[in-house]
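Order of appearance sets the numbers: ligands from 1, and atoms from 1 within every ligand.
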Amino acid sequence: MGRIRVLSDVVANKIAAGEVVERPASVVKELLENSLDAGASRIRIETEAGGRRLIRIIDNGCGMMRDDALLAFERHATSKLSDVKELLSIATLGFRGEALPSIASVSRLTLETRAEEETTGTLVEIAGGKILRCDEAALAHGTVITVRDLFFNVPARKKFLRSEQTELTHITQLATHYSLAYPDKAFELRHERNELLQVTPVTQLRDRVFQVFGSQIMDELVEITDAHREFKSEDDEDSPEREFHLRGFVSRPQVQKSNRNSIYLFVNGRLIRDRLLMHALSAAYANLIPGSAFPFALLFLDCSPAEVDVNVHPSKTEVRFRRSAFVHDFVRDSIRERLVETRPVSSVPLHATPQRTQGLPFSEFTQQIEDFRYRQFAPAQPEEAPLPNDAPPPGPPLELQPPQRFDPRRFDFGDPAPAPSLNPPVAIARRAIPDTHGPLPPGLVSDPGPSLDILKDLRPMGQLHDSFILAAGADGLWIIDQHVAHERILFEKVLRQMAAGRVERQQLLIPMLIDLTAPQQVEYSRIAAELEAVGFEIEPFGPRTLAVKGAPADVGLAEVERVLFEILEIAEQEQRQASFEDIRRNMAASIACRAAIKINTPLEMNKMLWMLAELAATEFPMSCPHGRPIALRYATRDILKGFHRI
Ligand code: ADP
Ligand code: MG
């Protein structure tokens with residue numbers, strides 16, 4: 001081994017670049033952050049070949065003085081930090097003074113900048129970390145940074161770059177994220193001749209969401225305007241500012257994404273990836289959407305910079321909270337409270353693409369429902385439901401539609417008689433017979449929008465296939481899945497009782513003996529106390545045998561063993577990381593599922609009334625503990641449309 005020596009700056013910068021500059025999007029990120037820190041109100045990004053050939057950022061920020069323009073490329077040169085104490089309260093996006101030297105060491109970079117207070121600007125040219133030129137130049141105020149041929153001198157890194165399209169996707173996502181975080185600024189992103197993003201300044205986050213995602217998404221979101229909570233503690237600590245704020249948008253439970261790509265988390269205006277916040281978000285949706293599905297979320301958490309350490313990783317995408325448990329619970333509760341407040345209905349869009357296949361014989365139909373109950377619930381594909389706005393081919397206007405295939409996941413009215421509504425001959429026919437219809441009752445056409453608050457006023461009319469309760473409401477026809485509705489009712493009841501430490505228990509006349517495998521035995525010992533809390537009374541009976549003497553009240557005797565095994569299995573799958581709260585929820589979900597009324601069960605009218613009233617009283621009447629929808633609504637408005645009354 002040779003002698004130790006200090007690396008030259010050129011080498012050190014290239015090493016640092018390995019962490020800071022992973023791909024073209026990381027360059028965009030650093031430069032964007034610099035423009036924002038410079039107070040720019042307009043930022044334009046130009047790219048070529050997915051950012052590999054060219055990335056240019058033009059801003060109207062404060063610009064740099066001539067001396068600073070060169071200093072900026074020195075390692076650890078920053079205008080944002082002067083003292084180690086300030087590391088504890090960073091209010092800017094950048095602070096490490098690493099980005100510019102790192103980027104310049106792995107590309108051909110040009111900086112053109114002029115500070116507002118200077119009359120001439122500065123042009124600096126650097127390639128592979130070597131300064132080639134530094135001249136005065138006549139420039140507009142602000143900064144333009146052009147990065148060409150990224151990784152031209154790091155072939156190993158270049159090889160790892162993905163396709164142009166992939167790199168461009170990363171850049172686009174990044175620009176989109178930042179445009180959402182700063183609605184008061186104008187952003188523009190171009191790739192060669194294409195305009196990919198162009199947004200003008202707006203005052204409300206809502207307007208920016210609208211600009212970026214379009215109008216349709218608004219119906220699927222609930223807004224969190226300003227949830228806040230103050231951290232209180234006994235010990236008198238230094239920091240006076242301990243209030244945490246959360247705002248943004250989260251999706252209604254019927255929106256289910258198959259990955260995390262639609263989750264945008266910002267802490268003090270910085271885009272981050274954080275497991276704690278991610279967990280808080282999933283906890284807010286626990287038992288509202290399937291465990292394998294993800295919501296859409298655009299969340300801004302703001303707190304005093306002293307509460308969060310952003311100096312965790314060179315790319316600054318990870319943070320550490322000083323009071324992590326507090327932050328977690330605050331975020332989870334704020335989201336959940338909003339979801340409870342809005343009680344969004346999980347109805348399937350009426351205009352979803354209907355499947356036009358032949359009907360099934362009834363026995364097959366019920367079999368399908370039965371199969372479905374035991375099939376693993378797959379997350380709904382995040383598909384857009386196109387409106388049936390294509391005019392149908394001309395034909396006899398009131399032709400009967402072929403029967404629709406029943407698909408329980410897409411429980412669909414299959415746009416009832418779509419053809420006539422768009423056919424001019426029918427419109428004429430309608431005009432010809434106006435009066436026999438009679439006037440519409442007032443207020444019938446206005447649709448208050450789906451809300452489960454209306455559940456308590458529903459009037460049950462009967463059952464469909466002994467499985468679904470049909471009910472009339474002021475706003476239309478409702479269809480409620482009796483099994484999942486009951487599941488939700490029982491689930492919340494069990495959780496409530498557990499929280500109060502008063503579960504209802506049934507004593508078994510003869511203890512039930514259950515043999516466990518070794519892993520099950522381990523799981524059992526771990527969660528024995530939880531099992532007792534949920535109503536089981538269990539005693540060891542030999543090395544791997546349990547004697548079950550009591551069980552939760554709602555579970556039928558035949559199901560006790562199954563519930564117990566299911567709980568052990570879930571606990572095992574979730575590994576040891578699952579918190580006891582998660583375990584409790586899973587236990588309650590298992591019990592509720594096994595104890596709930598099955599489909600294919602006739603119900604008396606008073607039982608249906610009871611069910612609707614109980615469902616209305618639950619916290620989340622829209623989805624079952626596994627995330628399936630409970631109620632569907634056929635709005636009066638759509639019924640009227642179907643009959644050509646409006
Ligand atoms: P950091 O952002 O961590 O300070 P950088 O290497 O990203 O480090 O930037 C170094 C310095 O260059 C910044 O502190 C800032 O003073 C200056 N700078 C970079 N980009 C701009 C810009 N677009 N406008 C004005 N000043 C800039
Ligand atoms: Mg920076």
**Request:** Could you pull out, from E98, E30, M64, the option with a heavy atom nearest to atom 21 (C) of ligand 1?
**Result:** M64
**Asked** Going by distance only, is there an N or O of I145 that falls short of 3.5 Å from an N or O of ligand 1?
**Response** no
**Request:** Could you tell me which atoms of ligand 1, counted from 1 in the order shown, lie closer than 4.0 angstrom to a heavy atom of P101?
**Result:** 6 (O)
**Asked** Counting heavy atoms only, which of G39, S35, A72, A38 is nearest atom 24 (N) of ligand 1?
**Response** A38
**Request:** Find all atoms of ligand 1 within a distance of less than 4.0 Å from any non-hydrogen atom belonging to A99, and give their numbers and elements.
**Result:** 6 (O), 7 (O)
**Message:** When you measure from the heavy atoms of G63 to every atom of ligand 1, does any distance fall below 4.0 Å?
**Reply:** yes
**Item:** Cationic N near anionic O, under 4.0 Å, R336 to D333
**Value:** no
**Prompt:** N/O to N/O below 3.5 Å, does that happen between D59 and ligand 1?
**Reply:** yes
**Request:** Mind checking whether T113 contacts ligand 1 via backbone (N, CA, C, O), side chain (CB onward), both or neither, at a 4.0 Å heavy-atom cut-off?
**Result:** neither
**Prompt:** Would you say G142 contacts ligand 1, with heavy atoms under 4.0 Å as the rule?
**Reply:** no
**Salt-bridge contact D302-R247 (side-chain N to carboxylate O under 4.0 Å)** = yes
**Item:** R242 NZ/CZ over F231 ring centroid, <6.0 Å and within 45° of normal
**Value:** no
**Item:** Residues E581 and R584 bridged, charged N to O under 4.0 Å
**Value:** no
**Asked** Does ligand 1 have a heavy atom under 4.0 Å from the side chain of T143, from its backbone, from both, or from neither?
**Response** side chain
**Request:** Taking only Lys NZ, Arg NE, NH1 and NH2, and the carboxylate oxygens of Asp or Glu, determine whether R320 and E318 approach each other closer than 4.0 Å.
**Result:** no
**Asked** Thinking salt bridges, do R252 and E220 make one under a 4.0 Å N-O criterion?
**Response** no
**Asked** More than 12 non-hydrogen atoms from neighbouring residues, nucleotides or ligands closer than 6.0 Å to CZ on R229, yes or no?
**Response** yes
